[in-house]
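First comes the structure, then the notes that go with it.
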Amino acid sequence: GNLAREMLSECGDVLVMGCTLGMAFEQQLSRLQVLSMADAVLFDAIGSAMLEDELDQWQAARRKLVFPQHMTDRFSCGYGDLPLALQNDIARALNLSQTIGVYVQPSLMMIPSKSVTALIGLSNQVQPARITGCAVCDMAGSCPYRKEGKTCSA
């Protein structure tokens, strides 16, 4: 994808990662879908927030402790124009089925559903945020948050 290429253009290395909340979360979600769809929808949303928060914390910790380079934004398959089909290659390269129990389905969705693959560029130069905020959002022109003077990230 062009957005990922631009984001990684000044990077000498790229971290390629996979992460999941695992099958216990998936099983609980399935139980809730039978008992109460309202609870299942809420639980699913909480899971998405938990996964993103864990990735943010992981990235922040590495930014401070491990890597001397500067990190780019985290960029996942399906963001912008980065093909979702790339998940197959990442899952295969990282052996996600064996290492963390994540499988990519023919539909390109992952099982467990609260799983992601992502790229993070490493550079010797400070990297600007390139994929966050209203300026790069496809919904910028019709966003209900912006009409109220808010953003979805606040």
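For the numbers below, each heavy atom of this structure counts, side chains included, while hydrogens, waters and symmetry mates do not.
Looking only at side-chain heavy atoms (C-beta outward), Leu29 and Asp44 come within less than 4.5 Å of each other. In this structure the side chain of Tyr79 never reaches within 4.5 angstrom of the side chain of Asp73, judged on heavy atoms.
Pairing each heavy atom of Leu8 with each of Gly121, the nearest pair is CD2-CA, 3.5 Å. When every heavy atom of Asp81 is checked against every heavy atom of Leu3, the shortest pair comes out as OD1-N, 3.2 Å.
Summarising the geometry, atom OG1 belonging to Thr72 is positioned 7.5 Å from atom CG belonging to Leu122; distances are rounded to the nearest 0.5 Å. A distance of 9.0 Å separates CD of Gln87 from CG of Leu82, quoted to the nearest 0.5 Å. In this structure, the separation between CG on Asn124 and SG on Cys11 is 9.5 Å, given to the nearest 0.5 Å.
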Side-chain donor/acceptor pairs under 3.5 Å, residues 94-111, sequence neighbours excluded:
{"from": "Thr99", "atom 1": "OG1", "to": "Asn95", "atom 2": "O", "distance (Å)": "3.0"}
{"from": "Ser107", "atom 1": "OG", "to": "Met109", "atom 2": "N", "distance (Å)": "3.4"}

Show me, pair by pair, the donor-acceptor contacts under 3.5 angstrom made by side chains of residues 14-26, not counting sequence neighbours?
{"from": "Thr20", "atom 1": "OG1", "to": "Gly22", "atom 2": "N", "distance (Å)": "3.0"}
{"from": "Thr20", "atom 1": "OG1", "to": "Lys114", "atom 2": "O", "distance (Å)": "3.3"}
{"from": "Thr20", "atom 1": "OG1", "to": "Ser115", "atom 2": "OG", "distance (Å)": "2.7"}
{"from": "Glu26", "atom 1": "OE1", "to": "Ser113", "atom 2": "N", "distance (Å)": "2.7"}
{"from": "Glu26", "atom 1": "OE1", "to": "Ser113", "atom 2": "OG", "distance (Å)": "2.8"}

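Evaluation of the salt bridge (Lys or Arg N to Asp or Glu O under 4.0 Å) test over residues 84-103, restricted to residues two or more places apart or in two chains, returns Asp89-Arg92. Screening residues 47-56 for salt bridge (Lys or Arg N to Asp or Glu O under 4.0 Å) gives Glu52-Arg74, Asp56-Arg74 as the qualifying pairs, with residues at least two apart or on separate chains.
With sequence neighbours excluded, no residue forms a salt bridge (Lys or Arg N to Asp or Glu O under 4.0 Å) with Arg31. Take Asp39 and apply the salt bridge (Lys or Arg N to Asp or Glu O under 4.0 Å) test, not counting sequence neighbours, and it matches no residue.
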